[in-house]
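Here's the structure, in structure tokens; my notes come after.
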Amino acid sequence: MDGKKLEYKGEEALRELEKLTERTGEVQVNLLKDILMKNKNTEYLNKYMKEPTEVTTFKRLVPVVTYADIQPYIQRIANGEDSSLISGQTITEMLRRYVPGLDKGKAMYLYFVKSETPTPSGIPTRPVLTSYYKSKHFKCRPPDPFNDYTSPDQAILCTDNRQSMYCQLLAGLVHRHQVLRLGAVFASAFLRAISFLERNWVHLCNDIRTGSLDSTTIVDPGCRTAMSDVLRSPNPLLADEIEAICRCKSWKGILCQLWPRAKYIEAVVTGTMAQYIPALNFYSGGKLPLVCTMYASSECYFGVNLNPLCDPAEVSYTLLPNMGYFEFIPLGDNGRLLLMMDAGNEEEVVPVDKLVDLAHVRPGCYYELVVTTFAVGLYRYRIGDVLQVTGFYNRAPQFRFICRRNVVLSIDTDKTNEEDLHKSVSMAKKLLEPYNALLVEYTSYADTSTIPGHYVLYWEVLHLQHSSTTNGVVSLFDAHLLPECCSTVEESLDYVYRRCRAYDKSVGPLEIRLVGAGTFDALMDLCISQGGSINQYKTPRCIKSAAGLELLNSRVKACFFSPRDPTWIP
Ligand code: AMP
């Protein structure tokens, strides 16, 4: 496709966006009608509605559900019953409007696939982006000067993340003078790449110097073929340039030195990913805008950021009314109700007449997102995200992403909620019993000061025979006990955590920090001194406040980790 045609396609997409957002309410009702018509024979809809094409009946009778409610259906599909696939068109070309000349260079976007696991009936299960990279849409896309990636497709499609990362960084370095933008899907993945570069730049420079790929570690045939095209001949000059930059003691601002024409970093930096903004700013020396373009999930594409160069704290997503049928559980118009939400609310039955349509949400108010999807067969499904309305684009509301409901810990794509954490800790604390020891209290913290980040659990343990000696507690345990507790917690966490930890290595070894007796009482005193109520005080299962962390860290008696490379299989 030539440049003119692509330019036209981009403009057409923007015109479509105008039309859709001007007719938000109408587009939503028509979309719901289409969804119902398409799915009128499904067992699920027939269970609730006699005439499954009526919008009003749908709104009256179909319940709001969580994953637990639909899990039995998913299990049946996994076992071989009929299902349908995800589909959807997206508008992603907003950046051309704001950053000119993006067709005059390359994008170093680091994308990765994950390995697939088959269901009992042989359907592969994989994250949505892996499906996309493996699809014809991606693999057979026509050349597009606006999306000219440095990474060869074979490197993106290599399921060994280490080899994939190595080759993608190598290609990015080889093309360093043509690179106009940097990025990854999530900020955590981009930072992992920088940390990988810190450990491997000597090898990478060596390959550039000799014009040949390290044959001991890069063995994937697809990667080798693709990289032989990238590394055409020895380039000692380029290798020297990169080496001189990487040798610097401080890597502050290194991104602008390695990729001097880069105009921005694109990655999700809202929600839990906001914790990585300071690190990204450090590596860019604060010189590259952080661009967050889309808000999406495996279940459904939600929306786009129409002001992509704005500060990450100001990002709002315009929900695209043609992507799914969106409804909202109202959570009030200030943060107070939000703060009162706890784990129990997941179980609550949401009265269907409380739901608000996309076209009727109110500015300033907080909502939990509920979707009915086109092709995936989800009806009134609680995504689990809490959003706040910030304004409107035409008639389409715009939302700030506030948080994931009830997620206490997240480093990468893992999302651990209070219940999962509690279950895992309960499994691990059983190991203390033979030692006459008791877990009195615990809390947690997502430590992202290391790359990759890792989960930290603060444990206060009471030894029933020697409860008076706090230091003694540590020495009474056998040396393997607490590392085993760390492993047991990890093995009991969900599949995504275990995959991130054991396969993607995007989460580091879990740490237990033993704290001295009375630490959690001191934590309670601190919370109360800051305005908490004694009556309603519950130990927070995750600590984010600097003062809370300082208190806990000042009382740590010993730290224990799970093994670097877990032996269990995700
Ligand atoms: P997954 O289905 O694993 O791809 O995860 C989807 C979830 O990731 C969403 O429901 C959000 O909680 C989170 N997410 C996706 N995009 C964003 C974004 N732009 N900002 C904040 N969180 C996001």
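As a basis for the values below, the full set of heavy atoms in this structure was taken, side chains included, without hydrogen atoms, waters or symmetry mates. Just so you know, ligand 1 is whichever comes first in the structure, and atom 1 is the first atom listed for that ligand.
From D148, atom CG reaches atom NZ of K106 across 3.5 Å, with rounding to the nearest 0.5 Å.
Near T270, meaning under 4.0 Å from any of its heavy atoms, are these atoms of ligand 1: 18 (C), 19 (N), 20 (N), 21 (C). Shown in contact with I383 at under 4.0 Å from a heavy atom are these atoms of ligand 1, numbered in order with element: 10 (O). Under a 4.0 Å criterion applied to the non-hydrogen atoms of V268, ligand 1 contributes the atoms 17 (C), 18 (C), 19 (N), 20 (N).
Between F401 and ligand 1, not a single N/O pair is under 3.5 Å apart.
Counting only heavy atoms, the protein gets under 4.0 Å from atom 15 (C) of ligand 1.
A cation-pi contact, defined as under 6.0 Å to the ring centre and within 45° of the axis, links R541 to Y442. A cation-pi arrangement is present between R141 and F138 under the rule of less than 6.0 angstrom and at most 45 degrees off the ring axis.
With hydrogens left out, the protein atom closest to atom 17 (C) of ligand 1 is Y295 CD1, 3.7 Å, a heavy atom. Nearest protein heavy-atom neighbour of atom 11 (C) of ligand 1: D385 OD2, 3.2 Å. Looking only at heavy atoms of the protein, atom 6 (C) of ligand 1 is closest to S297 CB, 3.5 Å. Among all protein heavy atoms, the one lying closest to atom 5 (O) of ligand 1 is K415 NZ, 3.4 Å.
Using a 4.0 Å cutoff on heavy atoms, M273 does not count as a contact of ligand 1.
Aromatic ring centroids of F328 and F399 lie under 6.0 Å apart.
Salt-bridge formation is detected for the pair D357/K59: a Lys NZ or Arg NE/NH1/NH2 atom is positioned less than 4.0 Å from an Asp or Glu carboxylate oxygen. Between D504 and R499, at least one side-chain N (NZ, or NE/NH1/NH2) sits under 4.0 Å from a carboxylate O, which counts as a salt bridge. Electrostatic pairing of E491 and R498 does not count as a salt bridge here, judged by no charged N lying under 4.0 Å from a carboxylate O.
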**OP:** Decide side chain to side chain contact (heavy atoms under 4.5 Å, CB included) for Y497 and L510; before the verdict, give the C-alpha distance in whole Å, the side-chain angles of both, and the deciding distance to 0.1 Å.
**Re:** CA-CA 11 Å; Y497 175 88; L510 182 138; 3.9 Å; yes
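For the residues S298, G303, G271, the heavy atom positioned nearest atom 4 (O) of ligand 1 is part of S298.
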